[in-house]
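Position 1 is the first residue of the sequence, and the numbers go up from there.
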Amino acid sequence: MKKTVSFFKNIVLIFILSTLVNISAKAQSEVVNTSSKNNVYFDTGIFPGAHIFMNYERKVHESDKISLYGRVGFGYAGMILGDAGGGVLGAATLLTGKRNSHMEFNLGIFSGKDNNDPFILPLLDVGYRYQKPEGGLIFKVKAGILGIFSVGLGYAF
């Protein structure tokens with residue numbers, strides 16, 4: 001009889017311990033998968049236009065396969081033989097994937113002034129972004145209307 005009671009106590013103890021380990025593992029995996037919400041980065045590009053921007057992004061939506069960011073920035077942009085000058089930008093950035101490598105799509109506008117004459121340029125880019133989900137270094141290469149070859153470097157937190 002004592003052996004049977006001892007056996008059941010061991011079974012209950014093993015069950016409780018395995019449940020606690022499972023709960024602890026789930027809690028830790030949720031912390032690890034928490035992705036960064038803010039990004040700051042510098043990017044520049046050339047031909048057929050040119051740009052140099054300082055940007056801030058804030059995550060506004062996240063699902064299993066995509067993240068959507070709102071983006072604001074300032075800098076200089078222009079088109080060859082067209083308007084060019086300093087100004088501000090507003091855009092949306094879509095990232096695919098949940099690991100370190102992402103496809104990136106940007107859509108927005110740049111509003112600037114050329115000799116006190118306002119102008120607007122479209123932002124439309126597609127590229128690759130290296131960004132760890134938990135934050136840290138951002139590296140990006142992209143092609144778009146303001147630059148067939150564009151690069152960026154920044155930090156996610």
Side-chain angles (χ1 to χ4, degrees), residues 18-157:
S18 66
T19 302
L20 289 174
V21 167
N22 188 28
I23 290 171
S24 174
K26 283 183 182 178
Q28 288 178 1
S29 69
E30 288 174 9
V31 170
V32 170
N33 289 333
T34 299
S35 60
S36 58
K37 294 188 184 309
N38 301 289
N39 303 325
V40 290
Y41 60 90
F42 162 83
D43 73 286
T44 186
I46 57 171
F47 193 76
H51 72 277
I52 183 166
F53 296 139
M54 188 66 201
N55 302 281
Y56 169 75
E57 290 178 334
R58 175 76 177 174
K59 187 180 292 182
V60 294
H61 175 73
E62 182 175 31
S63 70
D64 291 339
K65 303 221 183 229
I66 64 166
S67 296
L68 182 63
Y69 291 85
R71 174 180 163 197
V72 295
F74 65 92
Y76 181 89
M79 297 299 288
I80 294 175
L81 302 174
D83 294 323
V88 296
L89 68 91
T93 300
L94 178 78
L95 295 183
T96 64
K98 287 293 169 197
R99 297 195 181 187
N100 297 344
S101 294
H102 308 274
M103 285 295 299
E104 175 181 343
F105 303 92
N106 294 290
L107 178 63
I109 61 167
F110 175 81
S111 177
K113 284 194 174 187
D114 183 8
N115 296 324
N116 289 329
D117 293 328
F119 67 93
I120 294 178
L121 295 173
L123 296 176
L124 179 61
D125 304 314
V126 62
Y128 165 82
R129 183 189 292 199
Y130 174 86
Q131 177 178 339
K132 291 182 178 179
E134 65 274 9
L137 175 73
I138 296 173
F139 173 74
K140 51 196 270 172
V141 291
K142 60 183 180 160
I145 292 174
L146 293 180
I148 291 176
F149 178 71
S150 298
V151 295
L153 190 63
Y155 189 77
F157 55 99

To check you understand the geometry: which heavy-atom pair defines the closest contact between [X] and [Y], and what is its length?
X	Y	value
Asn55	Asp43	ND2-OD1, 2.5 Å
Val40	Ile138	O-CD1, 4.4 Å
Phe42	Ile52	CE1-CG1, 3.3 Å
Lys37	Tyr69	O-CE2, 4.1 Å

Among all residues two or more places apart in sequence or in another chain, which pass the salt bridge (Lys or Arg N to Asp or Glu O under 4.0 Å) test with Asp125?
-> Lys142
Under the salt bridge (Lys or Arg N to Asp or Glu O under 4.0 Å) test, which residues partner Lys132, sequence neighbours left out?
-> none
Mind checking whether Leu146 and Leu123 have side chains closer than 4.5 Å, heavy atoms only?
-> yes
Do any pairs count as a side-chain hydrogen bond (donor to acceptor under 3.5 Å, both in side chains) and have a residue in residues 89-104, sequence neighbours left out, and if so which ones?
-> Glu57-Thr93, Glu62-Lys98, Ser67-Lys98, Thr93-Asn106, Ser101-Tyr128, Glu104-Asn106, Glu104-Arg129, Glu104-Lys140
Applying side-chain hydrogen bond (donor to acceptor under 3.5 Å, both in side chains), which residue pairs with at least one partner in residues 147-157 are found, sequence neighbours left out?
-> none
Is Ile80 atom CD1 crowded by more than 12 heavy atoms from other residues, nucleotides or ligands, each under 6.0 Å away?
-> yes
Quick check: are there more than 12 heavy atoms from other residues, nucleotides or ligands sitting under 6.0 Å from CD1 of Ile46?
-> no
Please list, one pair per line, the donor and acceptor atoms closer than 3.5 Å that link side chains of residues 113-122 to other protein atoms, with sequence neighbours excluded.
none

Set of residues satisfying side chain to side chain contact (heavy atoms under 4.5 Å, CB included) with respect to [X], sequence neighbours excluded:
X	result
Phe149	Val151
Leu124	Leu107, Ile145
Ala50	none

Salt bridge (charged side-chain N to carboxylate O under 4.0 Å, His left out) partners of residues 79-96, not counting sequence neighbours, each pair once | none
Salt bridge (charged side-chain N to carboxylate O under 4.0 Å, His left out) contacts touching residues 144-154 (sequence neighbours left out) | none
Mind checking side-chain hydrogen bond (donor to acceptor under 3.5 Å, both in side chains) for Tyr56 and listing every partner two or more places apart, or none if nothing turns up?
-> Asn38
Of all residues at least two apart in sequence or in a different chain, which pass the ring pair (Phe, Tyr, Trp, His ring centres under 6.0 Å) check with Phe53?
-> His51, Phe110
